[in-house]
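Every value quoted in this text rests on a predicted model; they were computed, and no experiment measured them. Convention: sequence-line order gives letters A, B, ...; per-chain numbering from 1.
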Amino acid sequence: MLTLKQVWDEETIQRLTEKRKTDFSSTVSEIRLMDEHRKKTQQALDSCLQKANEISKQVGDLFKKGEAAAANDLKSESSALKEKSKGLQEQLRSAEEDMKSLLYKLPNVPHAKVVAGVDETDNEVVFESGGIPAKEDGLLPHWELAKKHEIIDFELGVKIAGAGFPLYIDKGARLQRGLINMFLDHNTEAGYTEYLPPLFVNEASGIATGNLPDKEGQMYHMQVDDLYAIPTAEVPVTNIFRDDIVNPDKLPLKCTAYTPCFRREAGSYGAHVRGLNRLHQFDKVEIVQVTHPDKSYDTLEEMLQHVKALMAKLELPYRILRLCGGDTTFASAMTYDFEVWSKAQDRWLEVSSVSNFETFQANRLKLRYKDETGKTQLCHTLNGSSLALPRIVAALLEHNQNSDGTVSMPAAVIPYVGFDKIG
RNA sequence: GGAGAGAUGGCAGAGUGGUUGAAUGCGGUGGUCUUGAAAACCAUUGUGCCGCGAGGUACCGGGGGUUCGAAUCCCUCUCUCUCCGCCA
């Protein structure tokens, strides 16, 4: 959520409008109006309460002195004030609520470097690891390779749970486990602290990360206990720092966590969701950083390099996009997407998204630090996948298939999975 | 699932209607002392909102009520702990 200061700042709103190519002016002016109303109400309420407090003291004194008659006169005055304050309090509460729901409507302001744009066609390719490999005949898509080698069974997954819940078997299962370990090691070696968080979160956590109340339909909800299955480790990990005022000497905070991720993906069907392309349950290793505002773009760059190094170990063709304003996710100020090339599907697959949220998340989380002058300031938060498993596995299988039908493992993966070949 | 206890500042822990934003201890920060450190001593040490500021106001798990006045009394919700049962 944007801060009120940002909403009042003309330049900021201009950039928001320009970069996302969307007109937010009506929401902005509503918020500003509501903010002024809120301030006035607050002032009226405070002075009303101040009077009431003074009278209460006087009444106490009068009773002590035994002047009951005078005290009773003041009592009625106080009652009137109380009535008035009740109304004001109600006004203030509803003004604050209205303002909040209006604020929730505004997405983050893209960074100045982000290009203005509407959708993915405006995204910039900022890095390519070596170009798209030439087309070959007879390549099998990963779901056929998975079937052939009996390493992922989608039908059995349907039997047990439903579509989008694959069953990994034997080397397929070991590949998952090995990759998770490899990714986590890569992160902890770079100084990230490993967490194993709860896979279900309460409502407060969902609200703090912005998954609730709006995107409710995207998460699995356990009604009996009112818990939500996490769509990403970002939710529990970020909530570690909810309502925190951290010591600035401790920044940056670097966290990594492996979790399964659960997504309802309501309304997405068709050829593009085949195989491992889009699932209801998948595994992902996440990295999260909390930084000083001055450092967050250096950190974003560092995270980019970090994920690049991991991609290099996997030896897959990939590229990095810097998303344009309109394609940058709601909470993000700058996002880089990593995409691997799917050789058999002949298309790019997103495997990581690295974002700087600046204060957008921290504001809702109330994640702050104390600056040199002792004032509390919002931290910046960043996160990224390093990496999401399914599409990596898809690309890995397709990219490394040999003419005899077997699939080789990249050198860096072999010690983690304990085999060099499938089939 | 049954029975009971509790929820107060970074932590521990007082406070049962009137300068209590809250004793005390620990921790943190600054200082004195010291070659340095420790110890000791002194001071300081929550957050939000409104206000240029002085200052005001709110917050003792959440919500509601009683009262001129509530951390303190009442109702309600949530959570935590202990014992029993069940169980990886």
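D46(A) has its CG atom 8 Å from the C1' atom of rC49(B), to the nearest Å.
If you check every strand for non-hydrogen atoms under 4.0 Å, L49(A) touches sugar and phosphate atoms only. Heavy atoms of R368(A) sit under 4.0 angstrom from primed sugar atoms or phosphate atoms, though from no base atom. When heavy atoms are screened at a 4.0 angstrom cut-off, K375(A) is found touching no nucleic acid atom at all.
Here the straight-line distance linking atom CG of D122(A) with atom CD of E124(A) works out to 9.5 Å at 0.5 Å rounding.
Side-chain proximity of S56(A) to rG46(B), rG51(B), rG69(B): nearest is rG69(B). For Q50(A), counting side-chain heavy atoms from C-beta on, the closest listed nucleotide (rG18(B), rG56(B), rU47(B)) is rG56(B).
The side chain of T376(A) places an N or O atom within less than 4.0 Å of a non-bridging phosphate oxygen (OP1 or OP2) of rG48(B). When the side-chain nitrogen and oxygen atoms of N53(A) are compared with OP1 and OP2 of rG69(B), none of them lie within a distance under 4.0 Å.
Considering every non-hydrogen atom in both Y228(A) and E203(A), the closest pair reads CE1-CA, 4.2 Å.
A salt bridge does not link R93(A) to E96(A): none of the charged nitrogens lies less than 4.0 Å from a carboxylate oxygen.
Base pairing of rG61(B) is made with rC77(B), judged by Watson-Crick or G-U wobble geometry with both donor-acceptor distances under 3.5 Å.
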